[in-house]
Amino acid sequence: MSDSSPLPPLDWPVMQPGWVWLCGAGPGDPGLLTLHALNALRQADVVVYDALVEPAILDWAPGAEHVYAGKRGGKPSARQRDISLQLVDLARNGKRVLRLKGGDPFVFGRGGEEAQTLVQHDIPVRIIPGISAGIGGLAYAGIPVTHRDVNQSVTFVTGHDQSGNTPGSLDWQAISRGSQVIVIYMGMKHIAQITAALLAAGRPADEPVAVVTTATLPTQQVLETTLATCVDDIAEARLEPPAVICVGRSVLMRQTLDWQGQARGEPPRNLDPLGRGRPAESA
Ligand code: SAH
């Protein structure tokens with residue numbers, strides 16, 4: 001271990017040469033890393049990281065080679081197959097490889113594809129989950145992704161398919177009917193089509209929407225808007241990706257639970273935004 005501060009006592013897994021650990025780095029705030037991720041950062045020979053991995057996290061692997069495998073400066077992203085094969089090569093060369101991805105590696109992150117390629121090439125893998133932006137990022141905006149008075153289900157959708165288009169395969173009618181809360185990843189590019197589809201599927205024009213950009217980082221911005229107004233409001237606020245977009249009444253809970261605002265001295269705007277009275281003491 002390169003760092004002297006010990007991890008809490010546990011039988012921590014040892015990274016063996018030739019292995020690839022596929023690991024989530026969380027949405028940004030380095031404090032949201034898991035201890036397994038930290039254990040991996042301290043042992044890796046090579047860290048292959050994506051655009052959404054917060055750079056400060058790489059400082060915790062000072063002894064490792066850092067290899068960038070994402071989009072930069074408008075260039076097309078490194079081809080997915082090339083990244084997977086690069087991981088295979090590094091492992092075959094006897095490296096301890098840490099593949100670090102934003103959020104959770106298995107949530108809209110192509111981690112499943114990379115792991116599949118590795119296993120197909122007989123490379124042993126370990127999977128380390130991470131906090132996904134659609135859950136942890138919303139929590140940093142004071143939005144509980146489920147709340148007993150709002151939703152019994154939540155749907156996570158991606159605003160892009162593999163070709164970069166809005167997923168035509170998504171049945172927006174069914175999603176609208178079946179899920180009180182919808183969390184959209186990679187939704188900024190096609191937000192106009194997505195909101196139009198939701199409105200056409202019968203979601204109310206005044207349904208609350210939150211757009212959370214660079215969630216959990218000091219630059220985090222939160223826009224509270226509605227389905228009917230969000231396209232204009234996003235443009236006016238000049239919001240840029242990465243953003244998670246939450247559609248549903250759980251967005252109202254931010255009026256009570258904007259804990260970051262409260263830490264800055266802003267009082268809660270509304271202690272009962274759902275109009276349900278005090279929660280029951282029991283059950
Ligand atoms: N595996 C990641 C998602 C990768 S897809 C996860 O589990 O979080 C990339 C998308 O994730 C972005 O377009 C955005 O929608 C979302 N995202 C990731 N990090 C984010 C952040 N810090 N703030 C807001 N959205 C984020």
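Being a predicted model, the structure only gives us computed values, none of them experimental. Residue numbers count from 1 along this sequence. When a ligand or atom number is given, it counts from 1 through the structure's own listing order.
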Considering heavy atoms of the protein only, find what lies nearest to atom 9 (C) of ligand 1 and give residue, atom and distance to 0.1 Å.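 Residue, atom and distance for the closest contact: L52 CD1, 3.6 Å.
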Considering all heavy atoms of both residues, which atom of P124 and which atom of G18 are nearest to each other, and what is their separation?
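Shortest heavy-atom separation between P124 and G18 comes out as CD-O, 3.6 Å.
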Fill in: G102 to ligand 1, any heavy atom closer than 4.0 Å
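For ligand 1, residue contact (heavy atoms, under 4.0 Å) with G102 is present.
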**Item:** Residue-ligand contact T216/ligand 1, heavy atom below 4.0 Å
**Value:**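 No, T216 has no heavy atoms under 4.0 Å from ligand 1.
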Relative to the heavy atoms of [X], which atoms of ligand 1 are at a distance of less than 4.0 Å?
X	answer
V244	24 (C), 25 (N)
V212	24 (C)
P27	21 (C), 22 (N)

May I ask you to check whether [X] has an N/O atom sitting below 3.5 Å from an N/O atom of ligand 1?
X	answer
M186	yes
A133	yes
V107	yes
A215	yes
S132	yes

Open item on the list: Just by distance, no angles: are the side chains of Q180 and N151 close enough, under 3.5 Å, to form a donor-acceptor pair?
Closed with: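 No, N151 and Q180 have no side-chain donor paired with an acceptor closer than 3.5 Å.
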Heavy-atom pairs closer than 4.0 Å: do any link ligand 1 to the side chain of A243, the backbone, both, or neither?
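Backbone only.
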Part of T214 within contact of ligand 1 (heavy atoms, under 4.0 Å):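 It is the backbone that touches ligand 1; the side chain stays farther off.
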*Ionic contact status for E114 with K101, cut-off 4.0 Å*: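 Looking at E114 together with K101, the answer is yes, because their closest N to O distance falls below 4.0 Å.
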